[in-house]
Amino acid sequence: MTMQPWQEQLQAWLTIYQSYTAKGHVATYIPALAHANPQALGISLYLPDHRLIEAGDTTTLFTMQSVSKVVNFMAACETRGLAKVLENVDVEPTGDSFDSMIRLEIHKPGKPFNPMINAGAITVAALLPGDHEQQKIDHFLTMMERCIGRKPRINPEVYASEMKTAHRNRAIAHYLKGSGYLDAEVEDALNVYVKECAVEVTTRDLAKIGLILAHDGCHPITGERIVTKKTAQVTNSLMLTCGMYNASGKTAAFIGIPAKSGVSGGILASVGRRSPHTSNPFPDGCGIGVYGPAIDEYGNSVAGIALLQQLSEAWDMSIFSS
Ligand code: GLU
């Protein structure tokens, strides 16, 4: 079927939700992120037959920030095995802010609650194979390349800007080291984590990763298995329960799509196969990438969330539809 009606519909929604960008603010706590255009908004849907449906700013490069936690987890599971990774990080939501360390102290022995918050992601980054930072980041970049078909760049300005201000993340890394949940030197683990956050992508790239997760970890276009089915299932469930900061419950309830956001305004979402009995026009699933750097008080793109909710409702994309 021609893509035109879907394309036009998406463009019409994007025009409506563009005004929502005025309700948010770009992140400034990492100084280099403040340069983003607060009005930017883009969305890409990638289908398993290679078709793209998209609207708005879909070729703008932005840094992954917390969206990288998804690929960090996939890369660690692929190279070290899911069981080993889960010895070091749990799969429980917290309800605390993404850079909180309160639970590390309260819940002994201090195992981080999940890989979608900073503590868990730093633990997972340290687990990537290699004695040095460079080897670990190479494993992350290799996983990215297998998913998106090109080796992405690390934005040096954003990386340097965050390293200068990463006091909390450095404190978290030291705390993890002290309690035995950091399998690397503190500065190495921090560098790997911050470099991952500074990797540049477009909405198309995020949609490609989402599509792989929607297809049980297989790349539906190349046929290559990227992660095991179990890893893909655990990743999707982590995104659903912990991926959208302290709005993860609301996102699960009202959008119903596993998704991970970042403070740069990116959202990666994975829409698995749906029953042909729903009115979802894409029963073979799709990946979605969104970019809207004006974020809300939780850290999620304001217009991006509104757009995703519109799509989910109109195209019956919730995992709870049957
Ligand atoms: N690099 C950011 C940090 O650790 C990522 C935050 C986010 O996107 O949630 O503060």
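Counting convention: from 1, in listed order, for ligands and their atoms alike.
The heavy-atom pair separating Pro293 from Pro38 by the smallest distance is CG-CA, 4.5 Å. Among all heavy-atom pairs drawn from Tyr181 and Gly110, the shortest one is CD1-O, 3.4 Å.
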- Task: Would you check, one step at a time, whether the test salt bridge (Lys or Arg N to Asp or Glu O under 4.0 Å) holds for Glu145 with Arg150?
- Result: CA-CA 5 Å; Glu145 189 174 11; Arg150 67 180 174 85; over 6 Å; no
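Closer than 4.0 angstrom to ligand 1 sit non-hydrogen atoms from Tyr29, Ile30, Gln65, Ser66, Phe98, Asn118, Glu162, Asn169, Tyr193, Cys197, Tyr245, Gly262, Val263.
At a threshold of 4.0 Å, the pair Arg274-Asp284 does not count as salt-bridged, since none of the basic side-chain nitrogens sits closer than that to a carboxylate oxygen.
A side-chain hydrogen bond (donor to acceptor under 3.5 Å, both in side chains) check over residues 294-310, counting only residues at least two apart or in different chains, returns the pairs Tyr17-Gln310, Lys250-Tyr298, Ser261-Asn300, Gln309-Glu313.
Val91 and Val89 fall within a single hydrophobic cluster, where Ile, Leu, Val, Met, Phe, Trp and Tyr side chains are chained together by heavy-atom contacts under 4.5 Å.
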